Asks: 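Quick one: the structure is below, questions incoming.
When reading the values below, keep in mind they use all heavy atoms of this one structure, side chains included, and skip hydrogens, waters and symmetry mates. Values in this document were obtained by computation on a predicted structure and should not be read as measured data.
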Amino acid sequence: MLETTVLERPYITITNVIWSYDQINDQLQLLLVKRADEPYENYWALPETFMRTQESGETAVLRLIKEKIGLNLSSVHTEQLGTFTNKLRAPDRRVLSLAYMTFLPEMPELKAGYGALDAHWFSFSSHKGRFCLTHGQSRFYTAAEDDEAVYYEHLNALSPQTDLAFDHEWIVKSACQRIKNKLDYQPNILLVLGDTFTLKKARSVFAAFLQLPIVKIDNSNFKKTHQHLFQEVGTSNSRYKGRPAKLYHLSYLIE
């Protein structure tokens with residue numbers, strides 16, 4: 001007797017890891033929203049949207065940015081992170097997630113939209129080997145486990161005070177690892193600094209993912225080892241003492 005195959009029709013969501021940069025405090029930021037609905041009501045989470053029938057993943061992620069933040073971005077500011085399909089990632093139904101990263105060249109004011117109770121920029125840093133996100137008294141860490149299977153087994157014990165919704169701690173962990181792995185050949189994360197940036201700002205971003213103080217990244221060595229990525233395009237208009245800092249652009253994005 002032939003075994004009957006049951007075909008699932010899961011929901012498909014677009015999950016967006018949205019990065020920006022606080023130019024005043026020189027600190028990376030990541031956007032989180034507080035969910036208004038079940039599952040995981042009152043949990044902080046990455047912004048999500050359901051992919052519509054006629055949309056590609058890229059189109060959906062740009063729509064999410066438009067609807068949630070009010071910005072029209074080109075596809076150069078986004079990249080696909082991965083597909084997350086573990087059957088335990090949602091508690092009440094089968095949900096697959098196409099995860100993207102978006103690099104915002106500005107840090108706009110946020111207002112909670114449909115399906116969200118609140119929205120905030122969380123400061124990005126590291127503590128005891130893990131990356132963490134902080135806003136006021138709220139602090140969330142990336143997944144502690146390196147084993148994906150072990151991580152998903154513990155999803156039924158989450159708390160809104162200490163955990164992000166769904167498997168978003170794992171998605172953020174994956175995003176951090178992707179960015180760290182690409183720092184030396186395609187550091188798209190520097191798009192959060194705008195069209196141009198100083199080497200000091202670039203070093204600040206690199207230091208965050210390398211989990212180092214910025215003083216540990218020598219400016220001269222950094223310029224030498226990454227000169228294939230940066231093209232000088234002018235000088236800063238800052239009025240600090242000394243010569244104006246040189247401005248650079250990601251050379252592989254120049255047409």
Side-chain angles (χ1 to χ4, degrees), residues 17-31 73-82 99-107 121-134 139-144 146 171-255:
V17 185
I18 303 175
W19 300 95
S20 194
Y21 191 81
D22 182 343
Q23 296 282 355
I24 297 176
N25 297 306
D26 286 328
Q27 192 161 34
L28 279 160
Q29 306 286 318
L30 193 141
L31 194 158
L73 292 180
S74 68
S75 58
V76 73
H77 290 278
T78 68
E79 68 176 73
Q80 188 169 359
L81 174 62
Y100 285 77
M101 292 192 291
T102 298
F103 311 108
L104 294 188
E106 56 184 279
M107 198 174 82
W121 291 108
F122 278 66
S123 297
F124 177 79
S125 60
S126 60
H127 179 69
K128 295 184 178 180
R130 295 167 67 187
F131 295 107
C132 59
L133 308 170
T134 307
R139 171 173 287 193
F140 303 102
Y141 291 89
T142 52
D146 290 326
I171 293 178
V172 176
K173 179 186 178 78
S174 300
C176 293
Q177 192 61 52
R178 165 74 67 82
I179 291 170
K180 182 178 179 180
N181 289 343
K182 294 177 66 175
L183 287 178
D184 292 335
Y185 70 94
Q186 194 181 53
N188 289 340
I189 183 64
L190 295 183
L191 289 169
V192 300
L193 300 177
D195 291 335
T196 61
F197 49 84
T198 64
L199 289 185
K200 183 177 180 181
K201 297 284 188 182
R203 286 162 51 221
S204 174
V205 172
F206 274 56
F209 289 99
L210 296 173
Q211 298 175 287
L212 295 171
I214 188 173
V215 295
K216 293 290 187 180
I217 303 178
D218 179 75
N219 189 66
S220 296
N221 288 339
F222 181 74
K223 181 179 180 181
K224 181 178 180 181
T225 56
H226 293 81
Q227 60 184 341
H228 61 295
L229 299 173
F230 305 147
Q231 179 172 322
E232 186 179 335
V233 293
T235 57
S236 171
N237 293 324
S238 63
R239 298 181 179 180
Y240 295 112
K241 294 180 180 179
R243 289 183 294 180
K246 294 180 179 180
L247 293 175
Y248 296 84
H249 187 97
L250 289 171
S251 58
Y252 60 86
L253 294 181
I254 295 178
E255 296 181 356

Asks: Determine yes or no for a side-chain-to-main-chain donor-acceptor pair under 3.5 angstrom, with Thr78 supplying the side chain and Met101 the backbone.
Replies: no

Asks: Decide yes or no for Trp19 and Ile179: does some side-chain heavy atom of the first lie under 4.5 Å from some side-chain heavy atom of the second?
Replies: yes

Asks: With Lys201, which of Asp26, Thr196, Val192 fulfils side chain to side chain contact (heavy atoms under 4.5 Å, CB included)?
Replies: Asp26

Asks: Using a strict cut-off of less than 4.0 Å between a Lys/Arg side-chain nitrogen and an Asp/Glu carboxylate oxygen, indicate whether Lys173 and Asp146 qualify as a salt bridge.
Replies: yes

Asks: Strictly distance-based, threshold 3.5 Å: is any side-chain N or O of His77 a donor or acceptor partner for the main-chain N or O of Phe103?
Replies: yes

Asks: Testing the 3.5 Å rule here: is there a donor-acceptor pair between the side chains of Asp195 and His249?
Replies: no

Asks: I need the minimum non-hydrogen distance between Phe131 and Ala208, along with the two atoms involved.
Replies: CE2-O, 3.4 Å

Asks: In terms of ring plane angle, is the pair Phe209 and Phe124 parallel, tilted or perpendicular, where the classes change at 30° and 60°?
Replies: tilted

Asks: Do the side chain of Arg139 and the main chain of Cys132 share a donor and acceptor less than 3.5 angstrom apart?
Replies: no

Asks: Check whether His228 reaches the backbone of Tyr185 with its side chain - one donor and one acceptor, N or O, closer than 3.5 Å.
Replies: no

Asks: Taking atom NZ of Lys200 as the centre, does the number of heavy atoms from other residues, nucleotides or ligands within less than 6.0 Å exceed 12?
Replies: no

Asks: Phe230 versus Leu199: any side-chain heavy-atom pair under 4.5 Å?
Replies: yes

